[in-house]
Structure formats: C-alpha cells, structure tokens
Amino acid sequence: MALREISRSLRLLFGQTQRCPPVVAANTTARCLSRSASQPEPSANENEAVSPNFENRNPRNLEQMALAVKDRGWKTSWPHREFHHRLMFSRSQRHVTAEVFSSTSSIPVLSCSTREWALKKELHSTNCVAACQVVGEVLAVRCRQAGITRMVYRAIPWTYRSDSVQAFRNAMKEGGVTLSEPRRKYVGT
C-alpha cells in the first residue's frame, strides 16, 4: 500500500496522469479524476506563415547582406561618403592613430593610438613602422570583437607606398579585417 502511494506521488510530481483505482474510495480527490487535455498539433501551414508586420531588430543585418543603402554624398567631396565603416589612419611626428568611423556619425566608433598607455609602454618609439604594425594588430582585434569585419580604407595617394602604411594594412588584413566593403546588391521587386 505504501509503495502504491509513493509511485502515485512520483507520477503526480512528474506530471503523468493518474487513473483512479477500480474501487473508488470515499476520500477521492478531483485531481485523481481529472485527465490532461490533449493539445492539438500545429499544422504545417501555420508554421510557414510569415507575419506581414516584420520588423528588423538587427540594424546591421542589411549591411552585412550588402542590401543596405549607402549614402552617396556629393561627387566632388573627398573622401567619398559611400561606406558603412571607414578606416582613417594618421601619423604625426610623435604618435600613430587609427580610427573607424560610421557613415552616420562623425565620432569614431573604434580607435587605437600609441597615446594609449598600454601600447606606449611596450613600444620603443611611438611613430616607427613597428608602432604602425602594433596599432593595426590591436585595432583588428577590437574590430572583430565589435563585429566589424569589413570597412573602407582609402589612403592618401602620396602616402600609400610608405612602409608604415603597408605595415598597418598588412596587420589589419592578418587580423581578419577586410579593407573593402562588398558592392551593393540590387534586389528586383
């Protein structure tokens, strides 16, 4: 008798239905007489239906699929405004700075510089080719952590061939960042 009560309480605990014994006792509860309702299975048509009120909650989703519209700006302006993210690299007499800008803001999204104490204490000189390479490696890691893997980088033509710019570009590429954005795909309507 005690074994039957233990098994009954375990079945109730795990959600299984309990059928009443053939002899109904006087202290029978409503729980014993109740049964779980069968739930209707959803049809395949209900699962395949798409809501007409779709809202894209990931603002960078269209950008990553190359479907987002880029602001073109004026033809006479330089640098061109047709980008989602732009990389700016600059060298001064003392420091090297790299910044990633969004097309919608003039404030940098990400930046890295030899002015940062963590980089400055590891470098012998803050404006040499090795400093440019280290800034590129650190910025590539920060970009990947932020989810930015593609950006536009257009160096000023007369500085493009310098060793420091090439070291910076190679460090960014080896860090997993592509320095060009995909062409926009035009979807027919």
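Just so you know, these numbers come straight off a predicted model, no measurement behind them.
Taking NE2 of His85 as the reference point, atom SG of Cys143 lies at 8.5 Å (rounded to 0.5 Å). Rounded to the nearest 0.5 Å, atoms OH (Tyr153) and CE (Met88) are 9.0 Å apart. Distance OG/Ser113 to NE2/His95: 6.5 Å, rounded to 0.5 Å. Atom CD of Gln133 is separated from atom CG of Asn170 by 8.0 Å, given to the nearest 0.5 angstrom.
The two residues Gly136 and Met172 have their closest heavy-atom pair at O-SD, 3.3 Å. A pairwise comparison of heavy atoms in Ala140 and Gly175 identifies CB-CA, 3.8 Å as the closest pair.
Residues passing the side-chain hydrogen bond (donor to acceptor under 3.5 Å, both in side chains) test with Asn127 are Ser125, sequence neighbours excluded.
By the 4.5 Å heavy-atom criterion applied to side chains, Cys112 and Leu119 are counted as neighbours. Side-chain contact between Met151 and Leu179: present, with at least one pair of heavy atoms (C-beta onward) separated by less than 4.5 Å. Within the 4.5 Å cutoff, no side-chain heavy atoms of Val141 are placed close to those of Glu137.
Note: Phe89 and Phe168 have parallel aromatic rings, judged against thresholds of 30 and 60 degrees for the angle between ring planes.
Leu123 is connected to Val135 through a chain of hydrophobic side-chain contacts under 4.5 Å among Ile, Leu, Val, Met, Phe, Trp and Tyr, so both are in one cluster.
A donor-acceptor pair is defined here as one N or O able to donate and one able to accept, closer than 3.5 Å; such a pair exists between the side chain of Thr114 and the backbone of Val96.
Under the salt bridge (Lys or Arg N to Asp or Glu O under 4.0 Å) criterion, no residue pair touches residues 92-113, with sequence neighbours excluded. Applying the salt bridge (Lys or Arg N to Asp or Glu O under 4.0 Å) rule to pairs touching residues 106-132 yields Glu116-Arg142, sequence neighbours excluded.
For the side chain to side chain contact (heavy atoms under 4.5 Å, CB included) with Leu87, the qualifying choice from Val152, Val177, Leu139 is Leu139, the only one to do so.
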